[in-house]
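Naming convention: chains lettered A, B, ... in sequence-line order (proteins, then strands); numbering from 1 in each chain. All values reported here derive from a predicted model rather than from experimental measurement. Values reported hereafter were calculated over all heavy atoms of this structure, with side chains retained and with hydrogens, waters and symmetry mates removed.
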Amino acid sequence: MFDYLKYIREWNFPHIWCSGCGDGIVLKALIRAMDKLKVSRDEAVMVSGIGCSSRTPGYIDINTLHTTHGRALAFATGVKHAKPELKVIVVTGDGDCTAIGGNHFIHAARRNIDMTVLLYNNYIYGMTGGQCSPTTPKGYKASTAQYGNIEPPFNTSGLAIAAGASFVARTDVYHVQQCEKMISLALQRKGFSLVEILTPCPTAFGRRNRMSDPVVMMEWLRDNAVSGRKWENLSAQEREGKIQTGVLIDVEKPEFTAEYGKLMEKVGVQK
Amino acid sequence: MFDYLKYIREWNFPHIWCSGCGDGIVLKALIRAMDKLKVSRDEAVMVSGIGCSSRTPGYIDINTLHTTHGRALAFATGVKHAKPELKVIVVTGDGDCTAIGGNHFIHAARRNIDMTVLLYNNYIYGMTGGQCSPTTPKGYKASTAQYGNIEPPFNTSGLAIAAGASFVARTDVYHVQQCEKMISLALQRKGFSLVEILTPCPTAFGRRNRMSDPVVMMEWLRDNAVSGRKWENLSAQEREGKIQTGVLIDVEKPEFTAEYGKLMEKVGVQK
Amino acid sequence: MEKSESSTTLMMQGNQACAVGALAAGCRFFAGYPITPSSEIAEYLSVQLPRRGGKFIQMEDEIAAMGATIGASLTGLKAMTATSGPGFSLKQENIGYACMTEVPCVIVNVMRGGPSTGMPTLPAQMDVQQARWGTHGDHEIIVLTASSAQDTYEQTIRAFNLSERYMTPVILLLDEIVGHSTEKVVLPRQSEIEIVNRKQPEMPPQDYLPYKTGPDLIPVLANLGSGYRYNVTGLCHDETGFPTNDTRNNEALIRRLVEKIKAHRDDIVRYRERKLDDAEIVIFAYGSVARSAKSAVVKCREKGIRAGLFEPSVIWPFPVKEVFALSGKVKAFLVPEMNLGQLAREVRGAVEFKVPVHQLNRVDGNPITPLEIVNKVEEVI
Amino acid sequence: MEKSESSTTLMMQGNQACAVGALAAGCRFFAGYPITPSSEIAEYLSVQLPRRGGKFIQMEDEIAAMGATIGASLTGLKAMTATSGPGFSLKQENIGYACMTEVPCVIVNVMRGGPSTGMPTLPAQMDVQQARWGTHGDHEIIVLTASSAQDTYEQTIRAFNLSERYMTPVILLLDEIVGHSTEKVVLPRQSEIEIVNRKQPEMPPQDYLPYKTGPDLIPVLANLGSGYRYNVTGLCHDETGFPTNDTRNNEALIRRLVEKIKAHRDDIVRYRERKLDDAEIVIFAYGSVARSAKSAVVKCREKGIRAGLFEPSVIWPFPVKEVFALSGKVKAFLVPEMNLGQLAREVRGAVEFKVPVHQLNRVDGNPITPLEIVNKVEEVI
Amino acid sequence: MTEEQSASKEPAVIRVKPEWCKGCRICVVFCPRDVLEMENGKVIVVRPDDCIKCNLCELRCPDFAITVE
Amino acid sequence: MTEEQSASKEPAVIRVKPEWCKGCRICVVFCPRDVLEMENGKVIVVRPDDCIKCNLCELRCPDFAITVE
Amino acid sequence: MDRYEIRLSGSGGQGLILAGKILAEAAAIYDGLNAVQTQSYGPEARGGASKAEVVISDGDIDYPKAVELDLLLSLTQESCNKYSGDLKEGSILIVDSEAVKDLPQGDYRIYSLPISEIALHKVGKAVVTNIVALGILTTICGVISAEAVRKAILARVPKGTEELNMRAFNEGCQRAAELLSG
Amino acid sequence: MDRYEIRLSGSGGQGLILAGKILAEAAAIYDGLNAVQTQSYGPEARGGASKAEVVISDGDIDYPKAVELDLLLSLTQESCNKYSGDLKEGSILIVDSEAVKDLPQGDYRIYSLPISEIALHKVGKAVVTNIVALGILTTICGVISAEAVRKAILARVPKGTEELNMRAFNEGCQRAAELLSG
Ligand SMILES: Cc1ncc(C[n+]2csc(CCOP(=O)(O)OP(=O)(O)O)c2C)c(N)n1
Ligand SMILES: Cc1ncc(C[n+]2csc(CCOP(=O)(O)OP(=O)(O)O)c2C)c(N)n1
Ligand code: SF4
Ligand code: SF4
Ligand code: SF4
Ligand code: SF4
Ligand code: SF4
Ligand code: SF4
Ligand SMILES: [Mg+2]
Ligand SMILES: [Mg+2]
């Protein structure tokens, strides 16, 4: 048994997430990963935007910053640049990160600034009641796409890679050990590390798409999220409708705050 | 001799661009391409943001819309969605499109909404006097990077591809016939078609980077922009410092306004 | 449903009434970004617009939604967007663009508690001054409000009409209570609804100057693609629509943008009154608070206090003249608001400090009850 | 350069004086996005900050710049951003966040002509009401202004001090003329400059409540990473910093945010006066217009007109009391502004319509000259 | 990664915090040994002896409501 | 694409619009036949007979200031 | 009838908002009265609301929220505890007897019936708990006609479920009638 | 000296902003006067400005812009046409004789010298046209000491170009002196 209590803000529990919402599963995976890596709670800063997932800061007992919708990465950039010794963890939703926050997302990735971004992809705007997000798959229903969504979704992880991220992984809350492992790897990387986590929103996504039972959504993840070797052995046809998980990129690139540190050395800091 | 006069707003000439600025070269290439394709001037709408390049609408005699900094694609999306029979051409700078406008850029590409985007990449904020842009190469100087830029630049075309664009080409104003050809291809595609055009800004970029002579910047393009077959024959080492031009992606994907048209058919438009 | 040729009575939420009103006014374009408590407007239109040949799009953020709305309007479609405080803040730059370029469109802000994320699900009236001053640069703007679903339906139509007539963005400020209360709305026959459509140029294209105006100070902007090729810019521009550095021209432009609304204020300003004739105290209230104030007037009268209600449906331009006219007749004003006195300051200015203007303010996300107003009236009278 | 231990006289542009003042005040973080006419502030700091162990970053847009500024400030660095009208509009949502979460920071807006892109290179004072009301939701904010390079240097330092003392964003409004005029600035010795640094908690972490305040209504926010783990949110929150739906708490929070500034207005409000003692007409002017007004006062006196100057260096909270105090003594006010009367309306309110308040307005991007002011004084006196 | 992990010899102690359990059934359905069931919208432990301490119920519970020792 | 394109037999008519020419020298430097030169900051045609009508000067002039017929 | 205030309370997902809307529609559209229905939302409008209110009157309804309840329906103990204090003198409290064991004390009549039980076992589906409740409420309060509520239900419920819902409503009416006459 | 207004005008890239800054610095820092230098910008601040102004005074300078010029330097015909109207009575107009052929008429003294010519052929570099102009201007207007201007030049110009710039300034001074004495 893992003792979550020392990491959480017990007084805020039970949390606001719906029954069967995957957000709590991610939070627990994060806590375990931080614990194993012995991340100092005083030096860890969680920054989130607005959304169900972005309520995570209320529940974890580290430094926490719940900012404006879509802007978590901008605030986090300020925090990290100002005090590089802090461990910055960004928690964001698919809407927060890839809709309104899309610009900060690609720029933080481009700069390769050291932070771990947990993108809770539940394919929907959960908090506001189920509108389309840029990750809602085509044909799926949402409160603003009641005839079925006509827009193609982002490949969010692919976008982060194209923008310059040095570590990108995709995982899901059914495969909860993999989820923890990906978070753990991301926390260990120096640079912009993204973990896209597929997670069920039975209330706002499931309900409109014949998956209002959280169990069904978990089964869907079990059956469709395919990692590593398995994925490679699938034919193009077999991949159809399936989602690749695991580490998608892991390269070394100059990191922003380190580069700035070099600049300061170069110009010579005067007292 | 091509008769530009019938396409331009002669009364606004000479234009505001500096001596040796490439923006005028692109405008001319666009005019020739439009002429050859017989694009109706009454049905063509040019939408731009703010920047030197974004002043183009003042000079071409079609419907023109000079909007706010970074938002050209958002306005253009409204125009195209509202009236799909219009031919929408977006003119934008590297700052306008990939800094403040980055979010609209990736979303317009994702939606694959039918428009041709001419991204004038001069590696700098020209209009405001030479600050860094997200495409300024590392180490180069700018008024906000006087010790040399420490941030890595975007591969803008690559980003558009990852976001979902169906046609992406890169070209430059030295290779002016290729430039015209890429624009022409883009104009013919149905979907989000991007032409990234490398163009010299002797005033704001060249001046700080030993290329204040426009001729030197043109030579740089001549020597470093490598297209098609030639690029493929270069070794990884030879590619260092060189830039690939030509068509980078050209695929068919469902286009947004067409998909919306299908939706209207499906639900049945009532009078 | 408002298409059927007899009036209909339906139950609807204020937000839905707004959407239905927009359709009745001829709105055929909506670009939005979800936010509580306005999202139902988008949701309803996402279903209805495609059925009417109209265009719906959920944009990537509020800035984009505002931009797309303006772009669509320039093609000639009546266009709208809806949001709440945080999104309203984000739209401000492009609202200024619409003012400057004189592009008609309607912006709905269903107000919730602020500042910042504040109280996302609770009502407030805290964006009233922001609606006037939120964008940079001198400008003038038309801002409407509504107090019930029926009123929302009607004011939404009026918002479009004013926007088309004066070629300017019009803001409709609702509050969460109005937006989320479900009540009866009587929809008139479509043929009975007054609809204003923007003018289109009549001269040949070569003679057309988009920003040349007559004595009404209102320009005629041709729909994109209609054969009149012109230029639109947020820079100061002259009659041709092209940027200019001529300072005399720029002064004239900015003053015209302001005057175009001020000069027509009598046509724009509207208010409802109740028992003002013999009132000794005027309750100045708008939005859902006006509902409580109505009850309060009745209750005050029962108690022998001669209270009256002034309910502006147009907040900006502020009904200075109408409020001032009352100042000679009454002993005091009471301005109950779900903010800290944002319009009380205007009432005070309007009456030129000649009579006391009392305030009753709540900023906790709770509505102001009729009883609270009555108590306050008794206290100050 | 302000580090050397004797006062120095240098020629600098107002924008540079702002940057130099920021460094003197202890600013060690700047996040910005270029825009005319403010860019020189960023450019100067991009050179200087790395030399002082400070952090500079050019963000992808103004929204991000504002967010990064707040994030950096929470770590304990004094942080600033600078922009002009269009960018100021974009920052509004996050400015509201800083108000709500009580994070000190300085936002400089070097004003140019608007609305929209307007007149990018020409001066204006059109964002004065926006600075007060630009963000959604009820709040109160401190806004300073300056009229010369020297004044800019000093007001920038004061902006940081007020921000740190009252735990609130402070806005500094300059205009293009002030920002772009190069003139002499006397830099005092660093040791002579009054510097305020935000408080840090003294109790053990387990007793720490970030938003619990004493009678001064000002919270003490621990620097991130200093061992006090707490939560910051733009939602209405209680003393612990966690969101709450308790309406009584929310009312108290919003009122405290406002009262924290109102209660200390005497400490905050500052103005300069010239020849007010016997003035029959008061010229109320700020920014570059105050310079013309100074000349105008001299010229009026030469003509035998007893003119005086009231130059607020704090615009918000508005110096109501101080202006009101004059209303008994003088015959009239004249408010020359490079806008259409944005502070004239405040002066009118402050004097409660007891004396006439005349306006002299320019919105063409040209400065108001001393002669124009003198002429207007002669006209109205 | 296999779902069924090494079980130790000690009998499992499965603790449920009913105040926090929201009854999503995730633990119940994905328990490889059918140890758990629902009752009145909350989880209950019905066959503790079958538990192999794979810990999956704990790992997957979104509500911090079930632990296995 | 080759820079030097088929030239027709007719002698070239090269027109310069000095009011629009900003003297960037692009046409001069990249003319394959050295037909053009600068004078007082504006381009002038000095060797029209050498012109092969490749049109590159026209294509590359940013200022709509030179045409070849 | 000057003003009649009803609050339907319970936990999210019990369909109380729909019940409120049906009630309001019945009163306003089919009974020719005025009615306003309001509800309260979760954090940012996400989950189902836990409370819906309907104010009914034959005159204009200015203030749209309930202040002094004429009728409170509580399907959970928590909501009963929270709201029973708002009941005015001589008002009505209807509770689900399975969920609300701890009955409050006050100057109001309490009607305790196994509402969800009836839905599940008599009608056969837990989802119609709200409609059963509507039948009970309609019968007990007497302000809205059962006919109007039936019409409103038919207009609002998904196609194909009309019969089920009618049975649920009728069952509710009947059980309430028995209780009243009993 | 109450207020002395100088405007330097020409086309972008002629270094007039720098000249203005040097002039202002000379007056304010080295001559102990007050000075304000302002300039006007292109579309959004991009290109070089076409005009720089310096107001000098031994008292406070309130209004920072030039209204009635004491001295106008014009390096182009266009700028001369545009600004000569702002010259006040008895003021000074200095023009580049190569560029300004069409001299305006007015109550001011005109000094016409081949300024860019001097820079290019006498000093050897066109880029120092602005510094040559400064020498001429300093000598003719007499308000600022040549010594102060020299110091200000040395403080502002890039390292390694000091000698060149001094030559340019001195050449300007000399040519102006010749003109004055001639
Ligand atoms: C500026 C702004 N726009 C819109 C909103 C409303 N809003 C809150 S959360 C949210 C989307 C949430 O979706 P996502 O980021 O995917 O998070 P989830 O709730 O699904 O975890 C929106 C649109 C807001 N708070 N602020
Ligand atoms: C909201 C806003 N922010 C900043 C600016 C200032 N601005 C104008 S153009 C520009 C950048 C121009 O760079 P780019 O887009 O690359 O165009 P270029 O001038 O290089 O063609 C900036 C930052 C503005 N006008 N509006
Ligand atoms: S609405 Fe969806 S994302 Fe939000 S808490 Fe509920 S299940 Fe989770
Ligand atoms: S500044 Fe650069 S981009 Fe702008 S017109 Fe001049 S050369 Fe072109
Ligand atoms: S640990 Fe949990 S999931 Fe695993 S067998 Fe035991 S009860 Fe089942
Ligand atoms: S997974 Fe957790 S919340 Fe869900 S039923 Fe099991 S114990 Fe309860
Ligand atoms: S066409 Fe132009 S570039 Fe070609 S040879 Fe003739 S002058 Fe030279
Ligand atoms: S390319 Fe054009 S602008 Fe440049 S020198 Fe030649 S003609 Fe003149
Ligand atoms: Mg989501
Ligand atoms: Mg650029």
Side-chain angles (χ1 to χ4, degrees), chain B residues 1-5 7-10 12-29 31-33 52-53 56 59-60 120 171-182 199-203 206 212-219 221-222 227-230 245-246, chain F:
Chain B
M1 193 205 83
F2 184 89
D3 181 16
Y4 294 98
L5 292 190
Y7 281 94
I8 66 171
R9 287 162 165 167
E10 210 182 327
N12 286 334
F13 279 70
H15 53 55
I16 61 157
W17 295 311
C18 305
S19 170
C21 173
D23 292 2
I25 309 179
V26 184
L27 173 56
K28 286 166 65 181
I31 287 175
R32 291 191 305 274
C52 293
S53 37
T56 306
Y59 304 114
I60 181 168
Y120 293 50
T171 182
D172 69 274
V173 296
Y174 177 83
H175 300 95
V176 61
Q177 292 115 326
Q178 186 205 40
C179 179
E180 178 185 331
K181 190 170 155 207
M182 294 301 119
T199 170
C201 168
T203 305
S212 56
D213 183 341
V215 165
V216 176
M217 295 217 62
M218 288 294 272
E219 286 167 351
L221 290 172
R222 179 191 62 199
S227 83
R229 190 80 40 85
K230 267 196 218 154
T245 60
Chain F
M1 234 166 289
T2 152
E3 291 196 352
E4 309 184 12
Q5 291 187 329
S6 65
S8 87
K9 286 280 137 75
E10 310 265 319
V13 183
I14 307 174
R15 287 202 192 81
V16 175
K17 204 173 208 164
E19 325 85 81
W20 289 7
C21 170
K22 295 195 183 121
C24 66
R25 292 167 44 246
I26 289 174
C27 59
V28 175
V29 172
F30 299 106
C31 167
R33 288 292 181 269
D34 265 342
V35 174
L36 312 167
E37 279 185 14
M38 298 302 295
E39 189 180 84
N40 282 330
K42 305 277 171 181
V43 74
I44 51 167
V45 184
V46 286
R47 281 171 287 276
D49 296 346
D50 290 0
C51 173
I52 52 163
K53 295 205 250 176
C54 69
N55 224 22
L56 284 168
C57 54
E58 178 181 322
L59 292 175
R60 290 211 188 93
C61 170
D63 287 276
F64 298 70
I66 187 165
T67 56
V68 181
E69 212 170 331

| field | Side-chain donor/acceptor of F:R25 to backbone N/O of B:V215, under 3.5 Å | value | no
| Interface residues of residues 34-43 of chain F facing chain B - non-hydrogen atoms under 4.5 Å apart | none
| said: As an exercise: rank B:C21, B:G22, B:P14, B:A29 by heavy-atom pairs under 4.5 Å with chain F and give me the winner. | reply: B:P14
| field | Those residues that, when tested against B:E180, pass salt bridge (charged side-chain N to carboxylate O under 4.0 Å, His left out) (two or more places apart) | value | B:R32, B:K36
| task | Over all heavy atoms of both residues, which pair between B:P214 and F:C24 is shortest? Give the atoms and the distance, please. | result | CG-O, 3.9 Å
| query | Quick one: what part of B:Y4 sits under 4.5 Å from any heavy atom of chain F, side chain, backbone, both or neither? | reply | side chain
| remark: The interface call for F:E58 against chain B, heavy-atom contacts under 4.5 Å, is both
| query | So, F:K22 side chain and B:W17 main chain: donor-acceptor pair closer than 3.5 Å or not? | reply | yes
| field | Distance-minimising heavy-atom pair for B:E219 and F:F30 | value | CG-CZ, 3.7 Å
| field | From CA spacing to verdict: side chain to side chain contact (heavy atoms under 4.5 Å, CB included), B:K28, F:R60 | value | CA-CA 9 Å; B:K28 286 166 65 181; F:R60 290 211 188 93; over 6 Å; no
| query | Which residue pairs pass the ring-ring contact (aromatic ring centres under 6.0 Å, His included) test with at least one member in residues 34-57 of chain F, sequence neighbours excluded? | reply | none
| field | Sorted by number, residues from residues 61-69 of chain F in contact with chain B (heavy atoms, under 4.5 Å) | value | F:C61, F:P62, F:D63, F:F64, F:T67, F:V68, F:E69
